[in-house]
Amino acid sequence: MARVDVIMPQMGESIAEGTVSRWLKQVGDEVKRDEAILEISTDKVDAEIPAPTAGVLAEITVQEGQTVEVQTVVAIIETEQAAATAPAKQEEAAAPAQEPAAAAPAAAPAPVAPIAVPPGGDGNGGAETADERLRRRSTPLVRRIAAEHGVDISGVPGTGHAGRVTKKDVLAFIEGGAPRAAPALAAAAAAPSTVEHPTVEAWAGDEVVPMSRIRKLTADHMVLSRRVSAHVTSFYEVDFTPIARLRQQLKPAFAERDAKPTYMAFIVKVIADNLRKHRVVNASVSGGSIIYRQAINIGIAVALDWGLIVPVLKHADELSLLGIAKRMADLAERARTKRLNPDEVQQG
């Protein structure tokens with residue numbers, strides 16, 4: 001019976017850690033070689049990890065939601081086939097015992113702080129190895145901590161994979177009275193990198209789905225981009241000629257029902273009918289989760305002398321074009337006269 005380690009893979013040369021999103025197999029399950037047994041998320045990609053060999057999943061060492069460095073053992077598979085190299089490994093392990101007992105063990109070398117290597121070389125004109133490239137990098141969290149405290153990461157001894165600087169390394173370096181960079185340099189390096197999303201209430205019937213790591217990073221980066229980058233608005237030109245003709249045809253029938261077929265009514269109708277098909281548009285970010293709304297409620301801004309108010313047209317997908325037009329007119333009138341109920345107004 002051989003035991004084979006399943007390790008956290010490195011999904012790119014700059015990726016130093018991954019998060020176990022979901023276990024597809026549980027302890028005791030049989031697995032086939034190359035069968036997906038877990039899902040992981042990194043800063044760059046979500047991926048399924050295959051079994052390195054066939055056997056039985058004997059042990060899970062990293063639980064769902066836990067983040068570990070690459071090359072960390074996340075599970076162990078037991079296989080009936082003993083490794084063919086086991087005898088050779090045993091001989092290699094026994095070889096040192098045959099050396100003269102008088103030979104004293106060499107003293108452990110003193111830890112040396114990693115040296116910053118410029119991209120494209122090893123400092124001596126040679127090509128830079130993958131480990132050297134990884135050693136120069138760190139996670140966004142570590143870089144943010146270092147920037148906030150004005151610490152040069154290249155001077156921090158790293159204990160992670162390939163000498164990579166971890167969170168513990170940089171915190172220990174700071175607590176030990178680390179030399180600080182110039183204030184101007186620290187201020188320039190410290191860019192906003194974390195986002196606290198407000199939480200919103202989930203209503204009856206809503207579906208709350210935790211975000212995947214990559215979707216949460218996308219949401220964070222969208223907000224960060226808003227803070228530091230100029231906005232760009234896209235405009236789409238639509239030919240409303242057919243709508244204008246239909247509107248003229250419907251005016252007499254609508255007038256008999258004390259309603260007007262406004263252009264906004266047509267727009268709301270189209271949006272309401274399509275939000276069910278494209279549910280991600282009718283969703284809210286709540287902390288680290290996404291709430292997919294089941295109710296199709298559309299807020300329509302009304303500009304008044306005393307300010308802007310947004311009455312909510314509830315269950316708009318259940319209304320006809322006439323019903324939308326009448327409900328919109330009623331909400332707008334009650335907004336002007338301040339007769340709207342609190343639950344009819346969009347909050348926030």
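As the structure is a prediction and not an experimental result, all values here were calculated from the model.
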Original post:
Does CZ belonging to Arg245 count more than 12 external heavy atoms closer than 6.0 Å?
Top reply: no
**OP:** State plainly whether one hydrophobic cluster holds both Ile300 and Leu275, where clusters connect Ile, Leu, Val, Met, Phe, Trp and Tyr through side-chain heavy atoms under 4.5 angstrom apart.
**Re:** yes
**OP:** Evaluate the side-chain contact (heavy atoms from CB on, under 4.5 Å) criterion for residues Glu78 and Glu59: first the C-alpha distance (whole Å), next the side-chain angles of each, then the deciding distance (0.1 Å), finally the verdict.
**Re:** CA-CA 9 Å; Glu78 287 187 348; Glu59 185 178 350; over 6 Å; no
Original post:
Do Leu38 and Val73 share a hydrophobic cluster (ILVMFWY, side-chain heavy atoms under 4.5 Å, transitive)?
Top reply: no
Original post:
In the single-linkage hydrophobic clustering (I, L, V, M, F, W, Y; side-chain heavy atoms under 4.5 Å), do Val31 and Leu24 co-cluster?
Top reply: no
Original post:
Between atom CD1 of Ile271 and atom CZ of Phe266, what is the distance when rounded to the nearest 0.5 Å?
Top reply: 14.0 Å
Original post:
Minimum heavy-atom separation for Pro52 to Val6, with atom names?
Top reply: CD-CG2, 3.8 Å
Original post:
What's the spacing between Leu331 CG and Arg336 CZ if we round to 0.5 Å?
Top reply: 11.0 Å
Original post:
Counting distance only, does the side-chain N/O of Asp34 pair as donor-acceptor with the main-chain N or O of Ala54 below 3.5 Å?
Top reply: no
Original post:
Are any of the side-chain nitrogens in Arg22 or Glu64 under 4.0 Å away from the carboxylate oxygens of its partner?
Top reply: no
Subject >> Atom pair CD1 (Ile40) and OG (Ser21), whose distance is rounded to the nearest 0.5 Å >> reply: 7.5 Å
Original post:
With the threshold set at 4.0 Å, does a side-chain nitrogen-carboxylate oxygen contact exist between Glu35 and Lys25?
Top reply: yes
**OP:** May I ask you to test the Thr79-Val4 pair for a side-chain heavy-atom distance under 4.5 Å?
**Re:** yes
Original post:
To the nearest 0.5 Å, what is the distance between NZ (Lys269) and CG (Leu322)?
Top reply: 11.0 Å
Subject >> Greater than 12 external heavy atoms within 6.0 Å of Glu30's CD >> reply: no
Original post:
Is there side-chain contact between Pro157 and Phe173, with heavy atoms separated by less than 4.5 Å?
Top reply: yes
Original post:
Can you check whether Ile7 reaches Val74 side chain to side chain, under 4.5 Å on heavy atoms?
Top reply: no
Original post:
Is Arg327 close to Leu319 at the side-chain level, that is, under 4.5 Å between some pair of heavy atoms?
Top reply: yes
**OP:** Let me see the working for Arg293 and Ile291 under side-chain contact (heavy atoms from CB on, under 4.5 Å), right down to the final yes or no.
**Re:** CA-CA 6 Å; Arg293 301 295 190 187; Ile291 298 178; 3.7 Å; yes
**OP:** Treating Ile, Leu, Val, Met, Phe, Trp and Tyr as nodes and any side-chain heavy-atom pair under 4.5 angstrom as an edge, say whether Val281 and Val208 lie in one connected cluster.
**Re:** no
Original post:
Going by an N to O cut-off under 4.0 Å, is there a salt bridge joining Arg279 and Glu207?
Top reply: yes
Subject >> Value rounded to 0.5 Å, distance of CD1 in Ile298 from CE in Met328 >> reply: 9.5 Å
Subject >> Hphob cluster co-occupancy, Val56 + Ile60, side-chain heavy atoms under 4.5 angstrom >> reply: no
Original post:
So do Val302 and Val310 actually touch side chain to side chain, heavy atoms under 4.5 Å?
Top reply: no
Original post:
If you take all heavy atoms of Thr19 and Thr67, which pair is closest and at what distance?
Top reply: OG1-OG1, 2.6 Å
Subject >> Presence of salt bridge, Lys326 and Asp330, under 4.0 angstrom >> reply: no
**OP:** Apply side-chain contact (heavy atoms from CB on, under 4.5 Å) to the pair Ile76 and Asp5, showing each step before the final yes or no.
**Re:** CA-CA 5 Å; Ile76 297 175; Asp5 293 339; 3.8 Å; yes
Subject >> Carboxylate-amine/guanidinium proximity below 4.0 Å for Arg276 and Asp317 >> reply: yes
Subject >> Flag, side chain of Asn297 to backbone of His315, donor-acceptor distance under 3.5 Å >> reply: yes
Original post:
Is any side-chain heavy atom of Ile290 less than 4.5 Å from a side-chain heavy atom of Met211?
Top reply: yes
Original post:
Roughly how far, to the nearest 0.5 Å, is CD1 of Ile37 from CH2 of Trp23?
Top reply: 5.5 Å
Subject >> Closest non-hydrogen atom pair between Leu321 and Ala265, with its separation >> reply: CD1-O, 3.6 Å
Original post:
Looking at Thr262 and Arg247, what are the two nearest heavy atoms and their distance?
Top reply: CA-NE, 4.0 Å
Original post:
Between Asn274 and Val270, is there a donor-acceptor pair closer than 3.5 Å when you use the side chain of the first and the backbone of the second?
Top reply: yes
**OP:** Would you check if the side chain of Trp203 reaches a backbone N or O of Gln294 as a donor-acceptor pair within less than 3.5 Å?
**Re:** no
Subject >> Where Val165 and Val156 come nearest, the two heavy atoms and their spacing >> reply: CG2-O, 3.5 Å
Subject >> Heavy-atom closest pair, residues Ala75 and Leu57 >> reply: CB-CD1, 3.8 Å
